[in-house]
A.B. asks: 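The structure that follows is given in the form of structure tokens.
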Amino acid sequence: MTYSFETSRRRTFAIISHPDAGKTTLTEKLLLFSGAIQIAGSVKARKATRHATSDWMEIEKQRGISVASSVMQMVYRDHVINLLDTPGHKDFSEDTYRVLTAVDSALMVIDAANGVESQTRRLIEVCRQRNTPIITFVNKMDREVRDPLDILDEVERELGMPCVPMTWPVGQGKNFGGIVNLRTQTMTVFESGLQRRPQDFDTMPLFNSAALQQRFSQEWLIAQESMELATGASSIFDREAFLAAKQTPVFFGSGVNNFGVMEVLDALIDLAPPPGPRISSLVVNNQTVTHTVLPEDKDFSGVVFKVQANMDANHRDRIAFVRMASGKYTPGMKLKVMRTAKELRPTSVVTFMSQRREAVAEAYAGDIVGFTTHGGVQLGDTITDGSNNLLFTGLPFFAPEMFLSVVLKNPLRTKQLQQGLAQLGEEGAIQVFKPEMGGNMLLGAVGQLQFEVVQHRLKSEYDADIRLEGSQYTGARWITADSSAELKVFVEAYPQRMARDAADTLAYLCTSPYDIRLAQERFPNIHFHPLREHAGLALSQSI
């Protein structure tokens, strides 16, 4: 069957890491080796004319960081790879969490000098909650780094799952000699250089131990001993355990020098899973019934996990990034937004190479496609061909921890500000709250950098220059009630604390944790939610 063949050759994964571990550089090299791009860009060099393919926003080029997730599609070994580069900075963790709901596996990049860092721990926890298989790449072995056995031990502790080394380093820093491929029983010899390709590196068979010892002397003997310890203490690779997120294969290398990257690219084809089933809700006679959607199902379905405004500054459009869960997309087919029951009429449907787009001829489950729209689509929306009443859930929105009030410098730009806040709120770049009693709009964020990015984008993309001022609020909780009458009484009791977010979901604003406790005691039938799932359709009472 065509669907089965096409979905079996899809691999959809996210690259995750702490900032500066080399995630975006590795993304560039994976694109380079697959043939998707010809020259890798620079992530850090501000004066460089060529920037990383996945960093397309002006502010990303200025700061040398990723502040929005990017989607790239490439073909390698007759497999279609959908690669999602995520922001490493903790202030943009919500974007990363939502991306992780759209992938079948993750590639975790670790700085060999720093080991597992704080943001990586948070991302690991999200992967663990979803049982997402993780491939681990230990980067920067050409620098002075920690002992590989120590790194493996730390990864095992932090991941809570055994590591299975697939490659092993010989030396490090100035004495970095290369990596041993335990799958092919060969050693690839390291030579520095940004333009080197995998075929440019020499390989030596492991059975010629005398030649290896003569060439790498003490470094080979140390590596041989640690490699024996690592493989002796490690489990044998078990693909079923890996797919169940109970084991992680580990690779070593130097992304910036193109070294050890091809082994990772091959592992994504050989080890990472194709698209799997997705759980949705089927609405029958006003009753919600869980329903398993298989990738091979012929009916089209997908979920919007990201909305990006102004990717093309000339057109001022919005792109809804849809992870296909089942079926096949062909141009011109009728689509329906399940939340509103309205027909979706995109002006174009595209696949991505960062901000570069190509019209879709056909797409299958596992693919990421972009619907270019001018509104009507929100994060978490389920899109179908109308044949099923499906509802995919699980796209998280976390209660903000910081609030600032928006003050427009030029009141004549009110319309532009409203449009900008509406679109950036729908996009999930920041959480926008409109107080029920009127007054200035409030921005809610996880970190300070979110405010700076939104302020920059409002000015550059919408010509709305704003000033951000302090707010008395320190938190928010989305609220639901056992009955509409009880909700009405609560809202009337706290009119100044009520606000609505970009999805028009009611929230209670608080100035301290005690506010929630007191309100809970006074109104026991009101439920305060620190986590909201998409579009106000589902709420969870715990993170």
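All of these numbers come straight from a predicted model, not from anything done at the bench. Only heavy atoms go into these numbers, but all of them, side chains included; no hydrogens, no water, no symmetry mates.
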A.B. asks: Suppose we call two aromatic rings close when their centres sit under 6.0 Å apart. Are F190 and F201 close by that rule?
C.D. replies: no

A.B. asks: Which residue pairs pass the salt bridge (charged side-chain N to carboxylate O under 4.0 Å, His left out) test when at least one of the two sits in residues 260-274, sequence neighbours left out?
C.D. replies: R77-D266, R77-D270, R183-D270

A.B. asks: Please give me the minimum heavy-atom distance between F392 and S301, naming the atom from each residue.
C.D. replies: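 Scanning both residues, the minimum pair turns out to be CZ-OG, 3.7 Å.
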
A.B. asks: Please indicate whether E144 has more than 12 foreign heavy atoms, meaning atoms of other residues, nucleotides or ligands, lying under 6.0 Å from its CD.
C.D. replies: yes

A.B. asks: Would you please test M72 and T27 for side-chain contact (heavy atoms from CB on, under 4.5 Å) and show each step?
C.D. replies: CA-CA 9 Å; M72 286 143 284; T27 298; 4.0 Å; yes

A.B. asks: Would you say the ring centers of F176 and F259 fall short of 6.0 Å from each other?
C.D. replies: yes

A.B. asks: List the atom of A14, the atom of V103, and the distance in Å for their closest heavy-atom pair.
C.D. replies: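 Heavy-atom minimum between the residues: N-CG1, 3.7 Å.
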
A.B. asks: Among N82, D104, T101, D367, exactly one meets side-chain hydrogen bond (donor to acceptor under 3.5 Å, both in side chains) together with R323. Which residue is that?
C.D. replies: D104

A.B. asks: Is there a donor-acceptor contact under 3.5 Å from the side chain of E28 to the main chain of T25?
C.D. replies: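 No: the side chain of E28 does not pair with the backbone of T25.
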
A.B. asks: Tell me whether R143 at atom CZ has more than 12 heavy atoms from other residues, nucleotides or ligands lying less than 6.0 Å away.
C.D. replies: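 No, the 6.0 Å shell around CZ holds no more than 12 heavy atoms from other groups.
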
A.B. asks: So does V256 get a backbone contact from the side chain of K29, meaning a donor-acceptor N/O pair under 3.5 Å?
C.D. replies: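 The answer is yes, because a donor-acceptor pair under 3.5 Å joins these two groups.
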
A.B. asks: Does a donor on one side chain and an acceptor on the other come within less than 3.5 Å for S226 and W168?
C.D. replies: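 On atom types as modelled, these side chains qualify, holding a pair under 3.5 Å.
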
A.B. asks: Sub-3.5 Å donor-acceptor pair from the side chain of T167 to the main-chain atoms of F252, do we have one?
C.D. replies: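 Yes, the answer is positive, given that a donor and an acceptor are paired below the 3.5 Å cut-off.
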
